[in-house]
Amino acid sequence: MTSRTVEQVVPGWTAANQQRATRLIAAYPERRSAVMPLLYLASLEHGHVTSDAQREVAELTGLTAAQVQSVASFYTMYKRGPVGRYLISVCTSISCYLLGSDEVLEAVEDATGTPDGEASDDGLFSVEHVECLGACGGAPAVQVNYELIEGVEPEKAVGLCNWLRTARPDVIGGDEMQSLFGGQRSFDWGPIDTEGAIAPVPAFGPYGSAGEA
Amino acid sequence: MTDTPLILTGRMTEHRDDSHRLETYEASGGYVALRAAFGMEPADVAAIVKASNIRGRGGAGFPTGVKWGFLPAQTRPRYLVINGDESEPGTFKDRQLLERDPHQLVEGIVLSSYALDVHHAIVYIRGEYPKAARRVQRAIDEAYDKGYLGTNILGSGFDLDVTVHLGAGAYICGEETALLNSLEGRRGEPRIKPPFPAVAGLYAKPTIVNNVETISNVPWMVLNGGDAYATIGPETSAGTRLFSLSGHVVRPGNYEIVMGMTWRELFYELGGGIPDGRDIKCWIPGGASAPWFVPEEHIDIPVTIDDTGRHGSMLGSGAVVVMDETTNVVAAAHRIVKFFAHESCGQCTPCREGTTWLERMLWRILHGEGRPLDLDMLLDVCDNISPGLRWPPAQTTICPLGPSAVSPIRSIMTHFRDEVEAMIPGLRPAPDREGADVG
């Protein structure tokens with residue numbers, strides 16, 4: 001267990017993220033439970049989960065760097081290499097597969113010039129196929145920086161990629177993308193959500209990764 | 001079917017634009033149950049849930065009241081963990097509850113925590129649901145502001161904190177002990193049971209892990225009585241239930257129904273039938289882990305936990321995936337097995353190695369490179385993961401993920417063996433060679 005303050009452990013982090021780290025550690029009965037949220041926070045600071053990020057999280061939580069690495073390497077959403085500004089995740093699990101997800105993935109690869117599992121040279125895109133996103137009633141489903149679009153046909157997927165390339169939105173909002181490029185939804189989403197993602201990290205206020213669109 | 005009470009989805013149906021907001025929740029009966037509960041003993045609230053006969057909505061279908069009863073009397077602290085790691089392919093019901101009626105869940109959490117003498121609850125939401133997490137966090141913040149959470153809630157002397165935790169992309173964390181390891185900042189690897197979480201869960205303390213939908217029912221139960229809940233639907237499948245309908249149906253979506261309607265009614269009345277008037281080839285009745293049903297045998301069976309189990313499958317998480325007559329069932333099975341191979345945590349050899357072998361064999365069959373021996377080998381590998389290939393499945397593994405990968409293979413070998421054989425060069429037509437390979 002570290003005896004140093006968050007500010008002393010991660011002096012290079014923004015003051016806002018230092019405060020978030022302090023709050024996240026306090027939000028759990030035991031300090032080590034903050035590993036997962038802190039890995040997201042460290043991703044924001046470093047762009048992805050670097051070796052430095054893992055060492056920082058280890059010291060913040062009182063674990064060893066190896067323990068943190070064992071966690072970071074287990075979960076697919078912790079990216080341990082460079083990620084494009086826009087991470088495009090195409091669901092290819094059963095319901096999406098039945099409704100043509102493989103063609104959507106191909107369209108995204110072509111439109112971004114980025115093969116599945118890789119990042120584009122200009123750093124704009126990462127493309128990945130993912131397992132079930134919980135959007136099966138709105139298949140095929142796609143996420144950009146973990147914000148969801150449902151009912152995405154291949155040609156709409158091309159439109160989405162071109163829009164990201166030209167509009168370069170700072171905040172990725174699911175509702176905006178859904179209205180432009182989506183179709184059938186799993187259920188009525190209700191009112192417009194004004195928050196969205198500012199990075200390829202799930203957009204959640206306590207992790208500092210949500211912005212107002 | 002028209003008089004189905006909408007216990008879970010009534011508010012979001014009636015108040016389309018603001019069902020997630022505190023004012024709407026309060027104006028439509030919200031937090032009334034909580035005030036009522038504080039006039040009762042905690043044990044009385046637990047008794048209501050027990051009397052409801054609700055069975056967990058996460059997949060295993062275990063009676064919630066019985067699970068609560070496993071908590072040892074003396075040990076403190078106890079924890080309540082809400083499982084919102086909804087990841088079973090085909091399932092998207094909890095997402096709707098989290099996004100559209102988060103206060104219903106929050107009130108259910110406070111009621112359950114009061115009943116269980118819990119003072120810290122954690123909501124584990126899968127990482128791919130940030131919008132759901134935002135909605136729940138906002139509801140929690142509003143609840144703190146209005147005194148529904150925090151210290152001395154509504155002057156009752158009862159204290160409760162709630163933390164929202166995001167997962168990071170691991171299906172296995174939906175398994176409750178893997179979820180607890182994940183919450184402790186570890187790899188999401190299932191634990192050997194016993195001890196069960198109720199005895200030694202989070203930080204080895206007594207812990208109840210309940211699904212989002214299960215706990216979202218609790219405010220209604222406290223308002224209307226556990227007995228009233230128990231009278232809805234068949235005796236052993238009490239209450240309404242959210243079914244996620246997807247695949248080849250005209251109207252996919254979540255449907256809150258009383259269990260007991262037939263599959264035919266679910267597909268043709270609620271789901272609007274199959275696109276372009278095609279026929280159903282098969283369907284998955286309860287998530288990717290469940291053995292498949294086929295119309296010739298199962299279309300008029302009632303949709304209940306017990307009827308589904310009796311016919312060799314399960315309602316699981318309530319995820320129904322329909323495949324029409326044009327579906328390549330080997331490709332569909334491959335896709336599901338690929339999922340389990342990807343999501344295997346790697347602890348147990350039969351699952352880690354077996355799911356990968358199964359995926360590779362199906363891939364080569366699918367690509368015209370199957371060997372006559374592959375059919376027996378598929379079943380042999382399945383048998384190594386789930387001895388006897390029976391239902392409910394036996395397992396050589398710590399958790400049921402491995403046996404889940406067996407379900408689609410058993411399904412195609414039982415119902416569509418001719419289609420599998422037809423893909424293997426040199427196997428057909430030669431029915432007398434079946435099983436005669438000597439390697």
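Every chain is numbered from 1, with letters handed out A, B, ... down the list of sequences.
- With chain B as the partner, the residue from A/L39, A/V35, A/V68, A/T76 showing the most heavy-atom pairs under 4.5 Å is A/T76.
- Here the side chain of A/S33 pairs a donor or acceptor atom with the backbone of B/L183 at under 3.5 angstrom.
- No side-chain donor-acceptor contact under 3.5 Å links B/R134 to the backbone of A/G205.
- Of the two parts of B/S244, neither the backbone nor the side chain holds a non-hydrogen atom closer than 4.5 Å to a non-hydrogen atom of chain A.
- The two residues A/G137 and B/P252 make their nearest non-hydrogen contact at O-CG, 3.4 Å.
- In this structure a side-chain-to-backbone donor-acceptor pair under 3.5 Å is missing from B/R187 to A/V71.
- When heavy atoms are compared at a cutoff of 4.5 Å, A/L38 does not approach chain B at all.
- Closest approach of B/L166 to A/P202, counting heavy atoms only: CD1-CB, 3.9 Å.
- The two residues B/S87 and A/C132 come nearest to each other via the heavy atoms O-CB, 4.2 Å.
- Contact detail for B/H20 and A/P191: the closest heavy-atom pair is CE1-CG, 3.4 Å.
- Residue B/C345 touches chain A through both its backbone and its side chain, counting heavy-atom pairs closer than 4.5 Å.
- In terms of non-hydrogen atom pairs under 4.5 Å with chain B, the most contact-rich of A/P37, A/A72, A/S186 is A/S186.
- Counting heavy-atom pairs closer than 4.5 Å to chain B, the top residue among A/L24, A/I192, A/D188, A/T92 is A/D188.
- Shortest non-hydrogen contact noted between A/E147 and B/P130 is OE2-CG, 3.4 Å.
- With salt bridges taken as basic N to acidic carboxylate O contacts below 4.0 Å, one links B/R95 and A/E150.
- B/R16 contributes a side-chain N or O that, together with a main-chain N or O of A/G190, makes up a donor-acceptor pair within less than 3.5 Å.
- A salt bridge is defined here as a Lys NZ or Arg NE, NH1 or NH2 lying under 4.0 Å from an Asp or Glu carboxylate O, and B/R335 with A/E131 fails to meet this definition.
- Contact check for A/L99 versus B/H248: side-chain heavy atoms found under the 4.5 Å cut-off.
- The backbone N or O of B/G188 sits less than 3.5 Å from a side-chain atom of A/Y75, completing a donor-acceptor pair.
- A/P29 and B/Y79 get closest at one heavy-atom pair: CB-OH, 3.4 Å.
- When A/Y40, A/F74, A/F204 are compared by the number of non-hydrogen pairs under 4.5 Å with chain B, A/F74 comes out ahead.
- For B/Y171, no part sits under 4.5 Å from any heavy atom of chain A, backbone or side chain.
- Residues A/Y28 and B/H165 place their aromatic rings such that the two centres sit under 6.0 Å apart.
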